[in-house]
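Notes to accompany the following structure.
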Amino acid sequence: MASGVKVTDEVIAVFNDMKVRKAQANEEEKKKRKKAILFCLSKDLKNIVLDDGKEILLGDLGSTVHDPYQDFVKMLPPNDCRYALYDATYETKETKKEDLVFIFWAPDSAPLKSKMIYASSKDAIKRKFEGIKHEWQVNGLDDLKDRHTLAEKLGGSSIVSLEGSPI
């Protein structure tokens, strides 16, 4: 069942920026690229919008962010739902890869109404995010805290490292 919620142009623009990796980007442009970002419903529950301040930039890595995956997990609200995009960098036995992962965060502790609205609005945002290879619904921190779970989603046993850390 669709909820009639609309995805704002700002959310679509962020997705397109994350999806298109500019090979010729200079260092300044690379630092502004998003590693992870959260999206939420607007207060009137009519739009999916950027969750203010809930992002990790590539320029933060090594300075304010040492483990992007753990920092991303800490950004998620413990008692409410969110949508997220996470730009995972990982290595298989053969090659190094980057893939966007769409995450639907619906913790068991979130209010039932919130879970229902986010669940019924998920298709609206997914339709705008064309080309996403990996989708992950997460219902609690236990599903997230171990990077092995994300590695499983990305390619299972062929993954040898995630975010530069061995699996």
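Hydrophobic cluster membership differs between Val11 and Leu38, with clusters built from Ile, Leu, Val, Met, Phe, Trp and Tyr side chains linked at under 4.5 angstrom. Under the 4.5 Å side-chain heavy-atom criterion for ILVMFWY residues, no single connected hydrophobic cluster contains both Val14 and Val101. Hydrophobic cluster membership is shared by Phe39 and Phe104, with clusters built from Ile, Leu, Val, Met, Phe, Trp and Tyr side chains linked at under 4.5 angstrom. By the rule that hydrophobic residues join a cluster once side-chain heavy atoms approach within less than 4.5 Å of another member, Ile37 and Val65 end up as members of separate clusters. Cluster membership for Trp105 and Val73, using ILVMFWY side-chain heavy atoms within less than 4.5 angstrom, is shared.
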**Request:** Show your working on salt bridge (charged side-chain N to carboxylate O under 4.0 Å, His left out) between Arg82 and Asp51 and close with a plain yes or no.
**Result:** CA-CA 9 Å; Arg82 289 295 182 271; Asp51 195 353; 2.6 Å; yes
**Item:** Evaluation steps, salt bridge (charged side-chain N to carboxylate O under 4.0 Å, His left out), between Glu135 and Lys126
**Value:** CA-CA 9 Å; Glu135 181 185 334; Lys126 272 183 51 190; 2.9 Å; yes
**Item:** Working for side chain to side chain contact (heavy atoms under 4.5 Å, CB included), residues Lys54 and Asp52
**Value:** CA-CA 6 Å; Lys54 299 293 184 177; Asp52 280 340; over 6 Å; no
**Request:** Show the numbers, then the answer: is there a side chain to side chain donor-acceptor pair (under 3.5 Å) between Lys97 and Thr89?
**Result:** CA-CA 6 Å; Lys97 294 183 171 187; Thr89 304; over 6 Å; no
**Asked** After noting the C-alpha distance and the side-chain angles of Arg147 and Glu152, does the key distance pass the salt bridge (charged side-chain N to carboxylate O under 4.0 Å, His left out) rule?
**Response** CA-CA 9 Å; Arg147 62 183 69 241; Glu152 282 292 315; over 6 Å; no
**Prompt:** Which is it for Asp99 and Lys133 under the salt bridge (charged side-chain N to carboxylate O under 4.0 Å, His left out) test, yes or no, and what are the steps along the way?
**Reply:** CA-CA 7 Å; Asp99 278 334; Lys133 290 185 205 160; 3.3 Å; yes
**Asked** Given the rule in the side chain to side chain donor-acceptor pair (under 3.5 Å) test, do Asn47 and Thr8 qualify, once you have shown the distances and angles that lead to the verdict?
**Response** CA-CA 6 Å; Asn47 295 293; Thr8 62; over 6 Å; no
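Side-chain contact between Asp60 and Lys31 is absent, with no heavy atoms from C-beta onward closer than 4.5 Å. With contacts defined as side-chain heavy-atom distances shorter than 4.5 Å, the pair Ile132/Leu85 qualifies. Two residues are said to be in side-chain contact when any heavy atoms from C-beta on lie closer than 4.5 Å; Thr149 and Val138 fail this criterion. At least one side-chain heavy atom of Ser121 sits less than 4.5 Å from a side-chain heavy atom of Tyr83. Using a 4.5 Å cut-off on side-chain heavy atoms (C-beta onward), Glu98 and Asp87 make contact. Looking at heavy atoms from C-beta onward, Lys34 lies out of side-chain contact with Ile56 at the 4.5 angstrom threshold. With contacts defined as side-chain heavy-atom distances shorter than 4.5 Å, the pair Val5/Leu45 does not qualify. Contact annotation: the side chain of Val49 never approaches that of Leu41 to less than 4.5 Å [non-hydrogen atoms, C-beta and beyond].
Residue Gln137 qualifies as enclosed at atom CD: its count of foreign heavy atoms under 6.0 Å is above 12. The number of heavy-atom neighbours closer than 6.0 Å to NZ of Lys46, taken from other residues, nucleotides and ligands shown, is 12 or below. Open room surrounds NZ on Lys6; 12 or fewer heavy atoms of other groups in view lie less than 6.0 Å from it. Around atom CE of Met75, more than 12 heavy atoms belonging to other residues, nucleotides or ligands sit under 6.0 Å away.
Because its NZ or CZ atom is not both nearer than 6.0 Å to the ring centre of Tyr90 and within 45° of the ring axis, Lys96 does not count as a cation-pi partner of that residue.
Of all heavy-atom pairs spanning Lys93 and Val160, the tightest one is CG-CG1, 3.8 Å.
A donor-acceptor pair under 3.5 Å is formed between the side chain of Tyr69 and the backbone N or O of Leu144.
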